[in-house]
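Data first, discussion second: the structure below is written as structure tokens.
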Amino acid sequence: MNNPGKFIVMEGVEGAGKSRQCAMLVESLNSMGYSAVLTREPGGAPLAEQLRKLLLDPTYSPDAYAELYMYSAARRDHLNKIVFPALDSGKIVVCDRFVYSTLAYQGYGRGLDIEFIRKVNAMTIEPLKVDLAMFIDIPPEIGFKRKGGADKNDRLERESLDFFNRVYAGFKAMCERGELTAIDGSGEKERTANNIMQAVRKIL
Ligand code: Z5A
């Protein structure tokens with residue numbers, strides 16, 4: 001798919017500042033005269049948001065394969081309902097988390113085979129092309145400190161620091177492979193936003 005629009009992804013561990021940075025980026029792009037929209041995964045569309053609630057609810061305990069397929073189902077619905085139409089109309093879509101989170105959490109974190117996840121991801125997003133995928137680099141301990149600790153009502157945030165360190169290592173491995181562009185997220189929000197804009201300008 002040769003998008004008339006652009007598809008930009010922001011990844012990071014909990015508390016890296018993704019949500020804040022995605023909102024700041026969309027605001028900056030719109031003030032520069034582009035037409036940019038903000039969305040997120042899991043979620044972003046009505047059915048996908050319902051799946052998000054189920055995925056984060058500590059009542060349930062899906063195994064890694066069940067998680068993989070639920071995130072993928074939410075993703076396909078989100079792409080069909082929100083992302084493809086926006087890209088077709090020439091918009092810049094900024095997405096808070098995407099397929100790299102599946103590799104990091106279900107692959108490096110939960111231990112599913114990375115190449116298998118890559119195949120599922122490729123089939124799920126067909127024919128989308130990602131224009132830029134960034135990773136806000138903050139280690140998990142700092143992310144949780146920024147948030148004032150993990151949210152115990154969130155099924156995933158109940159996981160051990162060991163799990164989040166594996167997730168972080170997975171994101172770093174994707175940066176080394178050139179799949180993700182690393183953004184230093186250790187400074188003030190404005191500094192991180194400047195680093196992000198430098199990367200985004202290259203694809204505009
Ligand atoms: N997941 C998965 O397993 N597989 C998948 O395929 C996908 C997702 C797509 C939900 O994600 C969960 O789904 C997530 C991965 C999994 N699991 N967990 N755990 P989410 O994106 O909804 O949840 P989150 O990652 O936990 O988001 P978050 O905690 O809101 O983090 P954030 O968006 O990166 O941060 P933020 O809300 O913008 O900022 C957090 C705090 O830090 C806030 O108080 C800010 O004011 C502060 N902050 C931000 N920037 C700074 C700087 N620069 N300095 C100081 N303080 C700052």
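Just follow the structure's listing: the first ligand is 1, and inside any ligand the first atom is 1.
Within 6.0 Å of NZ on Lys147 lie more than 12 heavy atoms contributed by other residues, nucleotides or ligands. The local environment of OH in Tyr69 is crowded, with over 12 non-hydrogen atoms from other residues, nucleotides or ligands closer than 6.0 Å.
Protein residues having a heavy atom under 4.0 Å from any atom of ligand 1 are Val13, Glu14, Gly15, Ala16, Gly17, Lys18, Ser19, Arg20, Glu41, Pro42, Arg52, Leu56, Tyr71, Arg75, Arg97, Ser101, Thr102, Tyr105, Gln106, Arg146, Lys147, Leu156, Glu157, Phe164, Gly187, Glu188, Lys189, listed by chain and number.
Within the structure, side chain to side chain donor-acceptor pair (under 3.5 Å) pairs that include any residue of residues 100-114 comprise Glu11-Ser101, Glu14-Tyr105, Glu67-Gln106, Glu67-Arg110, Arg75-Thr102, Arg97-Ser101, Arg97-Tyr105, Arg110-Glu159 (at least two apart or interchain). Each side chain to side chain donor-acceptor pair (under 3.5 Å) pair with one or both residues in residues 17-26, not counting sequence neighbours, appears once here: Ser19-Asp96.
Evaluation of the salt bridge (Lys or Arg N to Asp or Glu O under 4.0 Å) rule for Asp184 yields Arg191 as partners, not counting sequence neighbours.
Of the possible polar contacts, one joining the Asn30 side chain to the Val26 backbone as a donor-acceptor pair under 3.5 Å is found.
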